[in-house]
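Take a look at the structure set out below.
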Amino acid sequence: MRTLDWIVLLSALFGIVAYGVWKGRGSKDLQGYLLAGRSMKWYTIALSIMATQASAITFLSTPGQGFVDGMRFVQFYFGLPLAAVILCVTAIPLYHRLKVFTAYEFLEGRFDMKTRALAALLFLAQRGLAAGLTIFAPALILSVILGWNLHYTNVGVGVLVIIYTTSGGTKAVNWTQFQQMVVILSGMVLAFFLILYRLPSDVSFLDATHLAGSLGRLNAIDFTFDLKNRYNIWSGLIAGGFLALSYFGTDQSQVARYLTGKSVTHSRMGLLFNGIVKVPMQFFILFLGVMVLVFYQFEAPPVFFNQVEVAAVREAPQAERFAELEASYREAFDEKRGHILSWVDARRDGDSEALHAAREKFLASDEKMTSVRSEAVGLLEERNPGMASDTNYVFLTFVVNYLPAGVVGLLIAAILFASMSSTSSELNALASTTVIDIYGRLMKKDAGDAHYLAASKGATVLWGVIAILFAESFRGRETLVEAVNIIGSLFYGTILGIFLAAFYVKALKATSVFVGAWVALASVFTCHILTEMGKLDIGYLWYNVIGCVLVILVAFAVQPWVKK
């Protein structure tokens, strides 16, 4: 990075930490620390909810997802608006009326302490893992693209978040997230227009969009019902809807955001705004990745975007063959670029015959590039078995190599802000659940507000350290945006089943739901293990449906044999 980039980045990072500490001052009691005194307005809640969900993984991995797979991932979010409406009608007024600190307090009154503790522990397990992943995501990619030390970056991001989250609690989290989302969205919009600016002068935005369609990347809607297909309209509306209900209705990292609302109306407006805006925002971020793909139709892309792996194979026995493949890849690119320019000219002239011929030629060249790349990736995997894909490196590679000084620093700051905003919410929620649902109920009852306030700060630090340790140990082969959703899907269905039973199935008793939850959890993990082994093939979004339905069905099945 250049000097101006470092100035922008460091000013933004230390400025936001100082701002968070300052805005969080005055949190002297437990309600002020964990719920910001229930004083937040709807727009702060809305951006805080959005920032909690939209981690660095969203802004690093999602453009890469659009680059390699097109727009179909947007279907993942189709169930969110309906879930937001349901939660606004049911969960939000209930939580406000009960004046709970966490969602899991409600479960003790409806069922018993063991069911409350189980739901809280399931949340702590999955959100603790996810917090580590939100730290790891930008650290990994920045370490590869910019040559930063991975371990120092993990620790640095984690420590900065711990400082302002511990000092200011939920109020600091909400206010910093508000500022962070403004920077993040501004940076992404700026990147989009700079991509269009970097296209050849004779290639219009409409040309770029048609080219993306010809390359098969404008595949936003798929009506095929297929359990094996991770992303279609049915998995998005049904399975994604179950996931959204669980995430926004039972995950304390999100529930805590709207529990801070000064009224039910402010909480509802904050959640509804997110439900309305989230789908177009994700569409835009995926489309940003598609436009990066279009840009690389005119500028030669690397055969593999993770240059650390490429540098390593150049020192390995596969070096000579890899160099040959790189040359073939560049040759195929030059050939394709010529055909695409002919396609643009034919489109402008309205020559349908020449347009069709040019399209067939550039698609043939594209297939050749794909074949060469596959062989090159095979050589990389031969040297490093289990190597992750390079999808997560696509967007930041473009940013660093092609955007002007200052903008690079701003976008890297935006990516780190996304990590920090999501992690701060997670640490805050992990601390509140640990103290309110576990420590305060099972270990140290009636200790007083000052004691629990100190315990909450200690728990924030503890979970921050755990998240950093997990970030240090994580190695995954999924794209990061998929990895974080897989982790959530392993737990969310079971948690949602417990809450649905509590809200709507009054006939079910505590012990039957408790047993149903354990059976559902074991079944979901079995499905995932068998899918990973190749003995079953179920898209991970359906884990949410399986877990939720099994909790209810098993609870009804064992109900005749339980006393309470």
Side-chain angles (χ1 to χ4, degrees), residues 1-21 55-61 64 128-167 176 180 183-184 187 305-312 384 387-388 390 392-397 399-401 405-406 408-427 430 460-477 479-480 483-484:
M1 291 204 307
R2 290 150 288 189
T3 302
L4 181 58
D5 294 317
W6 280 109
I7 293 171
V8 171
L9 174 60
L10 293 176
S11 299
L13 284 179
F14 290 107
I16 202 69
V17 172
Y19 179 79
V21 172
S55 68
I57 295 168
T58 299
F59 300 104
L60 284 171
S61 190
L129 295 175
L133 195 56
T134 56
I135 293 174
F136 172 79
L140 171 66
I141 295 165
L142 291 170
S143 69
V144 171
I145 301 296
L146 301 176
W148 294 4
N149 182 283
L150 174 60
H151 306 295
Y152 292 160
T153 310
N154 275 332
V155 174
V157 172
V159 168
L160 288 176
V161 174
I162 290 171
I163 289 171
Y164 72 79
T165 307
T166 303
S167 64
T176 52
Q180 287 164 335
V183 174
I184 290 165
F305 281 90
N306 185 337
Q307 292 301 296
V308 170
E309 295 289 350
V310 171
N384 181 16
M387 176 193 68
D390 63 341
N392 301 309
Y393 304 92
V394 170
F395 179 60
L396 200 55
T397 297
V399 168
V400 170
N401 290 337
V408 175
L410 176 66
L411 282 166
I412 291 175
I415 288 163
L416 289 174
F417 277 1
S419 172
M420 293 165 69
S421 65
S422 185
T423 305
S424 64
S425 293
E426 290 164 341
L427 297 186
L430 288 163
T460 302
V461 175
L462 175 63
W463 278 109
V465 172
I466 291 172
I468 291 171
L469 291 175
F470 179 69
E472 286 285 275
S473 64
F474 179 79
R475 296 293 180 271
R477 58 185 176 80
T479 64
L480 292 169
V484 73

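At least one side-chain heavy atom of I466 sits under 4.5 Å from a side-chain heavy atom of W463.
Looking at residues two or more places apart in sequence or on another chain, you find a side-chain contact (heavy atoms from CB on, under 4.5 Å) between V310 and F304, Q307, R314, F322, E326. With sequence neighbours left out, V399 forms a side-chain contact (heavy atoms from CB on, under 4.5 Å) with F395, L396, L403, V408, L411.
Summarising the geometry, atom CD1 belonging to I468 is positioned 4.0 Å from atom CD1 belonging to I162; distances are rounded to the nearest 0.5 Å.
G409 and D5 make their closest contact through N-OD1, 2.9 Å (heavy atoms, listed as atom of the first residue, atom of the second, distance).
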